[in-house]
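All chains are named by letter (A, B, ...) in the order of the sequence lines, taking the proteins before the strands, and each is independently numbered beginning at 1.
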Amino acid sequence: MIKVTLPDGSVREYVSGTTSLEVARSISEGLARNVLAAKINNQVWDATRPLTTDATINLLTWDSLEGKETMWHSTAHLMAEALESFYPGIKFAIGPPVENGFYYDIDFGDRSFSADELEKIEKKMLELASQKNEYIRKNISKADAIAYFKEKNDPYKLELLEGLNDGDITFYTQGNFTDLCRGPHIPNTGFIKAVKLLRVAGAYWRGDEKNKQLTRIYGISFPKDKELKEYLTLLEEAKKRDHRKLGKELELFTFSEKVGMGLPLWLPKGAMLRERLVQMLQKAQIKTGYLPVVTPHIAQKELYVTSGHYEKYGKDSFQPINTPQEGEQFFLKPMNCPHHCEIYKSSPKSYKDLPVRLAEFGTVYRYEQHGELHGLTRVRGFTQDDAHLFCRPDQVKEEFCKVIDLVLYVFNALGFEHYTAQISLRDKEDRSKYIGSDENWNLAEQAIIESAAEKGLPTVVEYGEAAFYGPKLDFMVKDALGRKWQLGTIQVDYNLPERFQLEYTGSDNQKHRPVMIHRAPFGSLERFVAVLIEHCAGNFPLWLTPDQFAILPISEKYNAYAENVKNALSAKDLRGFTDERNEKIGKKIRDNEINKIPFMLIVGEKEEAENKIAVRQHGKGDIGVFGIDEFATFVTQIIEKDLNKHNQ
RNA sequence: GCCGAAGUAGCUCAGCUGGUAGAGCAGCUGAUUUGUAAUCAGCUGGUCGGGGGUUCGAGUCCCUUCUUCGGCUCCA
């Protein structure tokens with residue numbers, strides 16, 4: 001007999017060899033029907049695998065992440081079986097579960113696989129699923145495994161086998177398909193009730209551009225058809241938030257083939273919105289002692305040789321610009337830091353001068369590969385809200401804290417509540433990748449960790465993710481489709497002060513090297529606006545939105561009164577327009593609602609007589625009659641509150 | 001860059017096996033003067049991404065090029 005401990009702490013006895021599934025059945029038949037896998041002593045196992053020792057057990061259903069992963073992994077195998085039935089001889093690489101579903105990388109040999117074929121595969125998968133074939137686990141010797149895949153002529157599995165030890169190799173078989181797999185899997189294919197193959201993509205074997213490109217098929221599966229439908233609806237909803245779509249609809253920005261790919265054109269409404277973002281940050285920066293600087297868009301090659309950027313990125317950069325007479329080489333500015341270093345050097349510095357905080361909304365240009373471009377999030381020309389803080393080593397922590405405050409101020413004012421703060425530190429094993437003394441690194445890493453803790457930031461620590469020149473703190477936010485983007489960043493740098501021979505005179509009258517902090521709360525304005533659009537689905541905070549109100553006269557008779565209202569609100573620093581079109585009120589409301597105008601102010605005979613406005617709020621409808629000043633105060637208070645969230 | 005998909009009016013899209021380019025919205029003109037999510041009528045608008053080819057004839061078939069979209073981190 002073995003003792004099995006359940007999550008609630010209760011202990012039950014079973015004969016040795018009992019499976020998790022049988023344990024589930026002993027609890028309830030309903031539970032047994034839903035068990036996909038089981039966590040045995042914190043390891044996920046097949047529910048059908050016999051238990052032979054005492055164990056704690058946690059039965060996993062669709063409600064758990066591990067349950068979903070198991071299901072999706074098994075679905076990947078099912079897809080492989082379906083594919084192999086249509087295209088015998090294709091070779092399989094890896095097929096893991098991912099955040100939303102699964103994929104399998106496949107080598108189709110000479111034939112290409114097109115998205116049109118997915119439907120056929122889905123059908124086959126459902127047919128195979130309904131057969132309720134069991135996933136059968138089998139231990140196999142390395143020699144037998146190699147022989148099997150030699151016979152199948154699959155170089156990928158053979159390569160994977162090279163890295164595995166004899167003794168812990170397992171095969172899984174369901175129906176007519178056998179795969180090298182560590183498992184675990186769901187009991188049988190019958191659990192898979194709904195399948196959707198989402199897309200076909202190219203993916204390099206082991207993620208390396210030098211290797212052969214395989215065909216990756218992404219899919220997702222569910223235990224109920226209803227859940228699949230819900231998921232697809234969710235995807236549709238997410239598409240509606242896409243910043244490329246909303247940017248066009250709200251007339252914020254556009255692209256032109258003639259101007260060039262990855263080079264955004266900001267339309268008036270977008271440019272004004274961007275301007276408000278810039279002003280908001282500028283105001284905060286001036287309060288915290290930043291000094292504005294301006295630097296040109298190109299610089300001599302030599303500058304980037306000194307900074308080290310030429311060596312690292314020069315080859316992948318835009319081609320240099322040459323002067324006609326002297327043949328000098330200039331490069332488009334890919335970053336602002338070297339220029340700021342030169343500004344620092346332009347006058348001698350004392351320890352009393354530090355920290356020096358140089359800020360610039362600097363537009364930079366980087367060559368991004370054709371396929372990497374993506375709306376406003378990945379472009380070839382963008383503006384960083386850049387600043388470089390030159391400080392003494394003992395000032396790093398204090399400066400870091402202030403920057404975190406600034407980033408949080410920005411995030412709060414824009415309603416970003418869900419972000420990840422990632423602390424990137426050195427690789428614990430290999431310190432040869434980094435420059436700078438251990439002493440300085442320790443100081444900087446401690447400064448970041450302590451500052452983040454002091455500010456109560458929920459952080460994730462990643463070892464080995466630091467830049468070669470210093471540790472950093474990145475703020476990551478997800479877009480509408482769940483893709484992660486880095487927005488704000490704070491980085492400590494020992495490299496550039498060294499390369500540019502930056503100095504200050506210390507209290508000991510000796511020359512010392514300052515530490516540099518790179519920081520950008522937005523990151524890039526382009527990417528920030530993109531993620532912001534998706535985050536708020538185009539419903540910007542009131543202080544930022546292009547038009548705060550639209551005045552809708554009931555008929556043209558009230559246009560004059562509408563104009564008075566508009567002037568009165570403009571005088572209170574509110575912005576909006578009068579919808580003077582010769583349309584009925586219902587039409588005007590509909591159009592302005594679609595255009596996401598926060599407030600619609602309806603004026604007709606009654607309002608004109610009483611010198612009032614009937615206010616309708618976006619998404620809410622009628623919120624009552626307001627005096628004009630009363631409305632202005634109402635809006636101003638919301639704005640104040642939004643902008644000062646961080647201090648509350 | 002590589003794999004796959006797509007490009008038709010300002011926008012969203014239709015156009016089957018090749019046979020005179022279509023709709024809705026937007027825009028313009030006129031009528032209507034409107035009370036909380038689409039008033040009616042008329043009109044304008046396109047080298048079907050560009051170039052080449054096959055054909056009596058190409059939006060449709062072939063080649064080429066550009067742009068856009070999905071993906072190229074998740075290690076059996």
Is any side-chain N or O of [X] closer than 4.0 Å to OP1 or OP2 of [N]?
X: A/Lys584; N: B/G35; answer: no
X: A/Lys587; N: B/G35; answer: no
X: A/Tyr558; N: B/G35; answer: no

Does any nucleotide pair with [N] by Watson-Crick or G-U wobble geometry, both distances under 3.5 Å, and what is it?
N: B/U60; answer: none
N: B/C40; answer: B/G30
N: B/A21; answer: none

Check your understanding: Which of residues 197-209 of chain A have a heavy atom under 4.0 Å from RNA chain B?
Key -> A/Arg199, A/Val200, A/Ala201, A/Gly202, A/Ala203, A/Tyr204, A/Arg206, A/Gly207
Check your understanding: Which pairs, with at least one residue in residues 176-185 of chain A and sequence neighbours excluded, count as a side chain to side chain donor-acceptor pair (under 3.5 Å)?
Key -> A/Ser74-A/His185, A/His77-A/His185, A/Tyr104-A/Asp179, A/Lys157-A/Asp179, A/Thr173-A/Thr178
Point to revise | Backbone N/O of A/Ser221 and side chain of A/Trp72: donor-acceptor pair under 3.5 Å | key: yes
For nucleotides 66-69 of chain B, give me every protein contact, N/O to N/O, under 3.5 Å, one pair per line with atom names.
| unit_1 | atom_1 | unit_2 | atom_2 | d |
| --- | --- | --- | --- | --- |
| B/U67 | O2' | A/Glu257 | OE2 | 3.4 |
| B/C69 | OP1 | A/Arg244 | NH1 | 3.4 |
| B/C69 | O3' | A/Arg244 | NH1 | 3.2 |

Practice item. Determine the interplanar angle of the A/Phe255 and A/Phe253 rings, folded into 0 to 90°, and report it as parallel if under 30°, tilted if 30 to 60°, perpendicular if over 60°. Key: perpendicular
Practice item. Select base, sugar-phosphate, or nothing to describe what A/Leu552 touches, counting heavy atoms under 4.0 Å on all strands. Key: nothing
Check your understanding: Touch check for A/Leu160, heavy atoms < 4.0 angstrom, all strands: base, sugar-phosphate only, or nothing?
Key -> sugar-phosphate
Check your understanding: Do A/Glu607 side-chain and B/G35 base share a donor-acceptor contact under 3.5 Å?
Key -> yes
